[in-house]
Chemist: 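Pasting a structure here, questions to come.
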Amino acid sequence: MLYGGIKLPGCPDFENVRKLDLLPMPALMEMMKYGFAIDRDHMHVIGDKLAVEMAELKLEICSYIPESKLEEFIAKSNLDDDSAMNVDSNQQLCELLFNTLNIGHGRELKRTKSGTHISTGRRQLEKLRIDHPVIGKVLNYRECAKLKNTYADNLPSMAVLHPAGRNCNICGLHHHADTYRIHTQILSTRTATGRYASKDPNLQNIPIRSLLGAAIRAGFVATPGCVLLSVDYSQIELRMLAFVACVKKLIEVFLHNGDPHTVTAMEAFGITEAQVNADKIRYRNPSKNVNFAVVFGETALGLFEQLVADSYGKAGIPVPEWLTLEWCEEFLRKWFDIYTEVREYMELQAYRSYRYGMVWDMVGRIRLVPEVKSVHKRIVAAGLRQAGNMPIQGLASELIKLAIAEIQEFVITEVRSQGIHCIPLLTVHDEVIYEIDESWGGVIKEIVEGIMGNVLIDKDTGEDYCTVPIKAEGKIMQRWEK
DNA sequence: TTAGAACGCGCG
DNA sequence: AAAGCGCGCGTTCTAA
């Protein structure tokens with residue numbers, strides 16, 4: 001027995017899955033009930049800064065409208081202020097970029113799904129960045145608008161006051177100070193893969209990747225006297241791919257605690273570690289991209305597009321001469337030769353999709369894939385990608401569920417029973433967050449890391465169900481991700 | 001006037 | 001021809 005009667009490995013097994021879905025429920029209930037504290041003033045300050053930035057960018061963007069066209073644009077603008085156009089409207093943006101400024105003239109520009117307009121998505125605009133200064137402004141404006149509308153303005157208004165004092169009427173706890181807390185809803189039976197979803201508000205997509213985004217995340221704070229403990233699995237999907245598909249070379253890399261991206265580059269190009277590090281853009285970045293995206297069923301063209309966008313976007317440099325579609329095709333071929341079991345794994349999932357109409361992950365959760373019987377190649381291809389991805393994403397989601405349940409058991413029997421404050425706040429796919437009495441954060445961090453890393457080791461026999469070591473790393477913070 | 005589609009984008 | 005998995009949400013646009 002692994003935990004509470006959960007068996008591994010498996011085939012479709014509803015009883016097993018039902019048990020696994022129920023075990024983490026007490027912890028999820030607490031996450032929703034206690035909420036995650038936010039610093040409303042911090043959010044307001046960011047919101048004000050973004051408003052200023054947006055107004056400036058909007059003026060700069062509108063200044064590119066030629067005098068002769070100005071009236072035409074003003075007539076089409078749907079805003080009641082005196083601005084010449086609405087940058088949030090892709091139609092008006094298309095008019096400016098492609099019909100007025102003729103950016104990308106003569107080049108093949110990708111159209112939107114419905115085919116009615118040229119796509120103004122970030123990946124497309126990145127390619128046009130060096131053609132005209134307005135593109136950069138639009139992208140900056142978009143980032144500001146997203147952060148302001150979705151986060152800076154909305155989150156403070158959704159926060160609920162937990163007043164200082166005993167027996168809080170919201171959560172029942174004793175609070176030493178007023179806090180404003182966000183209560184999300186966690187949906188445990190929503191996704192096709194077994195992951196959780198979060199809504200009203202969604203706390204699983206709080207920004208972090210950009211500098212401005214990180215500032216938003218820093219608005220999530222620990223209650224005074226407490227710290228936040230965030231523990232996340234490292235490279236969890238790549239590890240699960242190695243495990244599920246029995247990928248010899250990948251398993252070895254993880255057993256030796258190596259860096260899979262560097263090793264992939266060394267193997268694919270037949271070079272040394274020093275050579276990989278000497279030209280990371282050429283060797284390590286593509287390897288990292290494929291290691292990450294192969295579980296999504298990325299194609300050579302997808303890889304090519306991504307690397308081109310990275311080149312223009314992040315590095316701000318033209319596409320290197322070696323970066324061609326053919327190069328990407330060749331690299332992908334080499335990748336599958338090195339990790340040849342992945343090819344076999346994908347074929348097995350395809351077979352199961354056709355034969356049984358479904359695929360399943362290692363604990364027995366199923367996903368139906370009727371798409372593979374479609375007459376449309378595009379639909380079939382999408383179904384096959386989903387079939388290949390689900391057991392990987394699924395198993396990764398089962399790990400964190402087991403961990404959440406096990407940590408909760410520890411929290412209740414060993415921590416709170418000693419009068420130490422420790423509550424679960426949130427889980428974000430491969431990460432769990434707790435709020436802990438500040439003097440106990442360090443101790444509990446070590447224990448939680450251990451529980452998460454050993455979640456596939458049998459508690460009675462010590463047998464490891466997993467052929468790949470699993471690692472979890474924790475951080476202690478006053479503010480989320482800082 | 002309004003519900004839903006389309007588009008774009010935040011996260012893992 | 002299309003070309004990357006899983007979500008939720010804000011704004012604009014469209015059809016009724």
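Below, read A as the first sequence line, B as the second, and so on, with proteins coming before strands; counting in each chain starts at 1.
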Chemist: What does A:R367 touch in the nucleic acid at a heavy-atom separation under 4.0 angstrom: a base, only the sugar-phosphate, or nothing?
Modeler: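 It contacts sugar-phosphate atoms only.
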Chemist: So what does A:K146 touch, heavy atoms closer than 4.0 Å: a base, only the sugar-phosphate, or nothing?
Modeler: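 Contact class for A:K146: base.
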Chemist: Between C:dC5 and A:T193, is there an OP1 or OP2 to side-chain N/O distance shorter than 4.0 Å?
Modeler: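 False: A:T193 side-chain N/O out of range (4.0 Å or more) of C:dC5 OP1/OP2.
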Chemist: Spell out yes or no: do the side chain of A:R190 and the base of C:dG6 have one donor N/O and one acceptor N/O closer than 3.5 Å?
Modeler: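 No pair found.
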Chemist: Heavy atoms only, 4.0 Å cut-off, all strands: where does A:N86 land among base, sugar-phosphate and nothing?
Modeler: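 Sugar-phosphate, no base atom in range.
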Chemist: Take the protein atom CD of A:E143 and the nucleotide atom P of B:dG8, then report the distance between them rounded to whole Å.
Modeler: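 Nearest whole value for this atom pair: 17 Å.
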Chemist: Does one side chain, of A:T262 or A:Y283, offer a donor that lies under 3.5 Å from an acceptor on the other?
Modeler: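 No, because no side-chain N or O of A:T262 sits under 3.5 Å from a partner of the opposite role on A:Y283.
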Chemist: Scan side-chain atoms only and decide if A:W335 and A:N291 contain a donor-acceptor pair under the 3.5 Å cut-off.
Modeler: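 Result is yes, a qualifying pair exists.
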Chemist: If only side-chain N and O atoms count, and only distance matters, is there a donor-acceptor pair under 3.5 Å linking A:R239 with A:S234?
Modeler: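 Yes.
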Chemist: State, with a plain yes or no, whether a side-chain heavy atom of A:Q204 is found less than 4.5 Å away from one of A:T184.
Modeler: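 Counting from C-beta outward, A:Q204 and A:T184 never come under 4.5 Å.
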Chemist: For C:dG6, what is the paired nucleotide under Watson-Crick or G-U wobble rules, both distances under 3.5 Å?
Modeler: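 When the pairing criteria are applied, B:dC11 turns out to be the nucleotide that pairs with C:dG6.
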Chemist: Is it the case that over 12 heavy atoms from other parts of the model lie below 6.0 angstrom from the CE atom of A:M29?
Modeler: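 For A:M29, atom CE is not crowded (no more than 12 foreign heavy atoms under 6.0 Å).
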Chemist: For A:R190, does the CZ atom sit with more than 12 other heavy atoms under 6.0 Å from it, leaving out its own atoms?
Modeler: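 Not more than 12 within 6.0 Å, no.
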Chemist: Quick one about A:N86 and A:S89 (side-chain donor to acceptor, distance below 3.5 Å, no hydrogens or angles considered), yes or no?
Modeler: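 A:S89 vs A:N86: no donor-acceptor pair found between side chains.
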Chemist: Would you call A:K445 and A:E449 a salt bridge, using N to O less than 4.0 angstrom?
Modeler: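 A salt bridge is present here (some side-chain N lies under 4.0 Å from a carboxylate O).
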Chemist: Categorize A:Q91 for me: base, sugar-phosphate, or nothing, with a 4.0 angstrom heavy-atom threshold over every strand shown.
Modeler: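 Touches sugar-phosphate only.
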Chemist: Over all strands shown, is A:Y233 touching base, sugar-phosphate only, or nothing at heavy-atom distances under 4.0 angstrom?
Modeler: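 No contact.
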Chemist: May I have the distance from A:Y151 (atom OH) to C:dG10 (atom C1'), rounded to whole angstrom?
Modeler: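 Answer to the nearest Å: 10 Å.
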Chemist: Please work out which residues in residues 378-394 of chain A have a non-hydrogen atom less than 4.0 Å from an atom of DNA chain C and list them by number.
Modeler: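 Going residue by residue through residues 378-394 of chain A, the ones with a heavy atom under 4.0 Å of DNA chain C turn out to be A:R378, A:R385, A:Q386, A:N389, A:Q393.
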Chemist: If you take atom types as modelled and just measure distance, does the side chain of A:N149 reach the base of C:dG10 with a donor-acceptor pair under 3.5 Å?
Modeler: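 Looking at the base of C:dG10, it does not pair with any donor or acceptor on the side chain of A:N149 (distance under 3.5 Å).
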Chemist: How many Å lie between CZ on A:R111 and P on C:dA2, as a whole number?
Modeler: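 Result: 11 Å.
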Chemist: Quick one: label A:V295 by what it contacts on the DNA or RNA (base, sugar-phosphate, nothing), any heavy atom closer than 4.0 Å.
Modeler: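 Nothing, no nucleic acid heavy atom in range.
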Chemist: What is the separation between atom CG on A:L303 and atom C1' on C:dC5, rounded to the nearest whole Å?
Modeler: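 In whole Å, C:dC5 C1' and A:L303 CG are 16 Å from each other.
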Chemist: Do any side-chain nitrogens or oxygens of A:T116 fall under 4.0 Å of OP1 or OP2 in B:dA6?
Modeler: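 Answer no for this pair, as no side-chain N or O of A:T116 is under 4.0 Å from OP1 or OP2.
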Chemist: Quick one: label A:S198 by what it contacts on the DNA or RNA (base, sugar-phosphate, nothing), any heavy atom closer than 4.0 Å.
Modeler: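 Sugar-phosphate: the residue A:S198, judged by heavy atoms under 4.0 Å, touches backbone atoms but no base.
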Chemist: Looking across every strand, which nucleic acid part, if any, lies under 4.0 Å from A:K113 by heavy atom: base, sugar-phosphate, or nothing?
Modeler: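 Counting heavy atoms under 4.0 Å across all strands, the contact made by A:K113 is with sugar-phosphate only.
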Chemist: Rounded to the Å, how far apart are A:L203 CG and C:dG6 P?
Modeler: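 So the two atoms are 22 Å apart, to the nearest Å.
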Chemist: Can you say whether a donor on the side chain of A:R195 sits under 3.5 Å from an acceptor on the base of B:dG12, or the other way round?
Modeler: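 Counting by modelled atom types and ignoring angles, a donor-acceptor contact under 3.5 Å is found here.
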